[in-house]
Every structure is written in C-alpha cells, then in structure tokens.
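Chain naming here is simple, since letters A, B, ... match the order of the sequence lines and numbering starts at 1 in each.
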Amino acid sequence: MSAVIAETDERVARSSTFVRIMRRPEIGALMGAIVVYVFFSAVDTTGTFVGLNGAARWTDVAATTGIVAVAVALLMIGGEFDLSAGVMIGTSGLFAGLLITEYNIPVWPSIALTFVFAACIGLLNGWLVVKTGLPSFIVTLAMFFSLRGINLGVTKLLTDTVRVADVDEGEGFDSARTVFAAELWEPYGFKVAVVWWIVLTVIATWVLTRTKFGNWIFAVGGDKNAARNTGVPVNRTKIALFMYTSMSAALVGIISLLRLRSMQAGQGVGEEFVFIIAAVVGGCLLTGGYGSAIGASIGSAIIGMAFIGIAYAGWNTDWSWLFLGLILFVAVLTNSLIGKRFQGGRK
Amino acid sequence: MTNENHSGDTAALRLDNVTMRFGSVIALSGVSMHVDPGTVTCVLGDNGAGKSTLIKILSGVYTPAEGSFLLEGNEANFASPRDALDRGIATVFQDLATVPLMSVWRNFFLGNEPTVGFFPFRRLNTKYAKTACKSELFDMGIDIRDPDQAVGTLSGGERQAVAIARAVHFGAKVLILDEPTSALGVKQSGVVLKYVLQAKERGVAVVFITHNPHHAFLVGDRFFLLNRGKMIAQYERADVSREELVRAMAGGAELDALAHELESLSSE
Ligand SMILES: Nc1ncnc2c1ncn2[C@@H]1O[C@H](COP(=O)(O)OP(=O)(O)OP(=O)(O)O)[C@@H](O)[C@H]1O
Ligand SMILES: [Mg+2]
C-alpha cells in the first residue's frame, strides 16, 4: 500500500459538509416537509395541527403510506415499479379476513398465511418480470387489474357482499390487534402503525446503505448488465424486492383489517400511485439506481400532513389530490435542480 | 510466473479447435489460441469476425459446440459467467463494466463486498472499502479525488481503469478487455493502455480485444488475427512490425486505401 495518500485531496475542496448534505437524495423532501408543516400550521382552523393531537392524526396517514412507500422506493431504486402494491392491501386484508371468518382459522395463523401468500404474489410479480423481460410497469399493471377483479369476485362469491366483516370474532383477535392496530400514548392516541413505519424505515435504510444487498439494489437499478457482469445476482435481487413490496402491502392490509374489524373489497385501489409519489418526492429517480428509504418516509409524512392539514384547514378533502399533484411536481423539479447544482456530472 | 496445474501446461488459457454455431451461422470455426500469464495477448479482427463470441466463450456466457477450452490445464466447463469469475477470469465489457450512479468504492467492490459482523447484523465494511479502493487505485496509478464520487462523473478512461483495477484487485488470473479503447480519444486510450501494462506486470494474463492494430501493437506480446470466424494468423511481438500488423488485418483488397491512410498517420 502506498504511504503517500493524503487523507483529503486538494481537488475535493468543493465537497464541503454543506455540499455533502445537499447531495443527499432526500434533502428536497426534507425542505418540502418543513414548508408543508409551516403552511398547514398557518392555515389550521382547529388549533391542533401543531400539537401532539394533530401529529397523532397525520403520522397515522404517513405510517400506512410510508410502510409501503419505503418498499416501493427500494424497488424503484432497483429499477422496477409495482402498480399492484395498492390493491395488495385489499387483497391481503380480504385474504386474512376470509381465512378468519369463512374458514375459522385463528387470527395469528391467518396473518402468517397472509404474509406467505403476499410473498408468493411478490414472487410471481418478480418472476414474471425477470423471465419475460417485459417492463414491470406492464406486468404489475396486469397484476393490479387481476387482483382487483379477484378481490371483488372472490369476496362476493364467499360472502354475498363486497366486504368481509366480523373479523373480531376470530380467535386471538385481541392480541393481534394490540400488535398491529393498538393506540399508544393516551390521550393523543398515536397508532402503533407509526412504530412499524419508523422501525421499517430504519431497517430499510440500513439495508440499503450498509449491506451487500443494498449495494446490489443500487447496482441492478443503475445498470443491470454491469451488475450482472460483476457477479451480482440480478434476478434474485429484483424478485426479493418485489416480495418485500407485496409483504409490506400485506402488513398495511392486516393493520387496517384489525383496526376496522372488516375489509372492503375495493380497499387500497389507487394507493399505488401515492406510494410512487412518496418515493419520488423522497428523491428516487424513476429510472432507478438512485434514491433513499428515508426520503420515501419523508415523502409519506408530507402526504400525511397534506391529507390531515387540508381537513384541519376546513377545506374540502377533495383538494388533497390537487395538493398531491402539486407536491409531486414541485418536489421533482426541486430535486432535479438540486441534483444539477450539487451532483456535478451526475447522469 | 508460478502456475499450478496438473498437465504441465503453462498457458493460463488454451482454446483448441473451438467451434461455435448459432443455428446455421458458424460464428467461430476451428479456433485455437493460448494466453500466457504475465503477457498481453491481442485478438484483432474486423466487425463480425467473431471477437465478441470468442470473449463470451472465455467468460462463460457460451459453451463451445466443439473443441476444448482449458483453464490452467484443466477443462473449463463454465456453467455461468459467475463461475468463470470465481475461477479467476474477469471480463471488462466496454460500456457494461461500472454503474454510473454509484460511487467509486461501491463499484469497486460490487459483487465482492467486504463485510463485518454476523447475520443478521452483517454489514458493509465501508471504512475499509473506501481506503482500500483509494489505495488500490493509487497503486495502479489512478489518483481519484474521492471514493464517494459517482463513477458517472469520471472520464471514460478512468471508468475503464476502475474496472481493470477492480479485476486485478480481486485476483483475476485472466483479464479480458473487450475493445476498452474504442470509444476513447488518443490520450484516454493511452491511460487505459497503461493500466493494461500494469495488470500484465502483476502477472495477469491479459486478453485484449480490439480492431485497432496501433493500440494492439503498443501493448501486445502476441497477436491473433480473427477473420470470418477463423484464426488466420498468429504473430509474436518480436516477429512483427506495426506495418505488417496493420497490413495483415486489412487484408489484400483494402490494402491500398489503408496504406494511404497509414502514410498520413505515420507523418503525424
Ligand atoms: N447470438 C447470435 N445468434 C446468431 N448469430 C450470431 C450471434 N452472435 C453472433 N452471431 C454472428 O456471429 C458472427 C460473429 O459475431 P461477433 O459478435 O462475435 O463479431 P465481432 O468480431 O465481435 O464484431 P464487432 O467488431 O462488430 O463487435 C457474426 O456474423 C454474427 O452475426
Ligand atoms: Mg463485438
């Protein structure tokens, strides 16, 4: 080893701490979150948005969005989309609900089977994508519509209605509800989903930035062929990401099933784009190979603040969608400007 | 060069009468060549000559239909490119060697990430990776500014150099370079050729694929000429001049036009 390697190179004088921070993919989302928070604090008519009561509300929306958005972000960094992530919430909630109510399987085994089932759907998504070579956009769009049809069809067939109800009659419901749908910290009533969200964000961030698998995620999304040529198991990495995405949707499905004690057949439809928005607002490139898990969580927090903030401002919640559209556009614009300014020749 | 094998064959690689077909297309027919450790072996050929097909056999992508492929005297029988990689054959494909959005150190260790700790807490040894990457590149004569820099911000030559240094670091016995200079300017080509010699000095058997006889002549110890799927000529460094090499590669028909071009080149 050479002894003459200077600790810092005179040519990197520009890489000050400030530039390093500005280079982080989630920096745009973080600044956006602060702006959105200040904005909704200002227009709040109830006086509770700023406090813990308000936080308990918007973190709940953020958590149920963020749990899946973080997985979607990792998948997107890995170069793929999952448009079936929203409908999977409904599918897995219905799957667990039907096992409990129609087949009298206790709640905990039903939950375990639901995760196995979701893993299989993710495996199928991933396997179809890597085997057919078709864009994941198309493959998972097909999965989206198939599951949407199955959700309605099977639910009607088995229950003669479009919902699965009376899940709380299942054996072990109370303990499962404590784990997945309890409220914490009275009197504010934070949802336990927030804990799941934070823990999963931390784990996803660690996996992405600090492990071998994380390195592979960046590589398969950045350049699939280069990754394959250096010996990265490209297909396995992608399939694992699809499985993680489906399973995270299943977690949210189970959370809402236990929380509401029932499940609508149409649940989750439309959410897939909210997850993608959260990931993109959080700094993920649509073309793959770049982004962060924390960013997707901050993106989810923005979405949570927007949904709750608009209601607290006394506006019609229909405006939330307009707000999401604007946020998406502004965030992507900001990210690309910051990128150009601080990444140098980043492609 | 120390070289363990069981048949007394000193070649790192040996192809004997290898034929490769794609349906009715015969991409390679009866090709024989060998590559010695610590030398640079150039494979020259025009478009469609079969160079890429040859590389894909060497790197484990294709299995030849006929003929034998020996690695240090033993049957290669690669099941996959990963298999070839594990047995010391590293291939640097022209544009497909590094991931532009990833940092230099992440690229350097891609597929061979150093880790610490035990499952489920096994994690990248980032500190080691960064310093090792920087010093390894420095030893190859590549002075990168910052291992956290994205590879996409490096020049084309530097990018090739990172891929070459990586292959050498991970103990490649055979390093295959697929037209590493074809997209580069004169100066950048020179940079890459320098790293080719560095790798050779470390005892690596380098296979350098190119259609540029000038570049080949600068670094090559042995030259194989591939034309329409056949190995038409073989030269040792001592027995050939640059002009002969260019002439042989161009073939009879285009010779006049090329001689003309050559004149303008050598007058530079
Ligand atoms: N997968 C394939 N299927 C059918 N024919 C093929 C296939 N791969 C190569 N060939 C044929 O084999 C011949 C040699 O191709 P190859 O790609 O090895 O040439 P090359 O020397 O690398 O050319 P270039 O300099 O243009 O890259 C060509 O005629 C090509 O059409
Ligand atoms: Mg070729």
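- Heavy atoms closer than 4.5 Å to chain A are found in both the backbone and the side chain of B:Arg106.
- When heavy atoms are compared at a cutoff of 4.5 Å, B:Leu85 approaches chain A solely by way of its side chain, counted from C-beta outward.
- B:Pro120 touches chain A through its backbone: at least one of N, CA, C or O sits under 4.5 Å from a heavy atom, while the side chain does not.
- By the neighbour-count criterion of 12 heavy atoms within 6.0 Å, atom NZ of A:Lys224 is sparsely surrounded, having that number or fewer from other residues, nucleotides or ligands.
- In this structure, CG on B:Asn107 lies 12.0 Å from CZ on A:Phe218, to the nearest 0.5 angstrom.
- The number of heavy-atom neighbours closer than 6.0 Å to CH2 of A:Trp108, taken from other residues, nucleotides and ligands shown, is above 12.
- Taking each heavy atom of A:Tyr290 and B:Leu101 in turn, the nearest pair found is CB-CD1, 4.0 Å.
- At most 12 non-hydrogen atoms from other residues, nucleotides or ligands lie less than 6.0 angstrom from CZ of B:Phe118.
- From A:Thr230, atom OG1 reaches atom CZ of B:Phe109 across 13.0 Å, with rounding to the nearest 0.5 Å.
- In this structure, no portion of B:Asn125 lies under 4.5 Å from any heavy atom of chain A.
- No side-chain heavy atom of A:Thr211 sits under 4.5 Å from any side-chain heavy atom of B:Arg122.
- In terms of heavy atoms, B:Leu110 sits closest to A:Asn215 at CD1-ND2, 3.8 Å.
- Shortest non-hydrogen contact noted between A:Arg210 and B:Thr126 is NH1-CG2, 3.7 Å.
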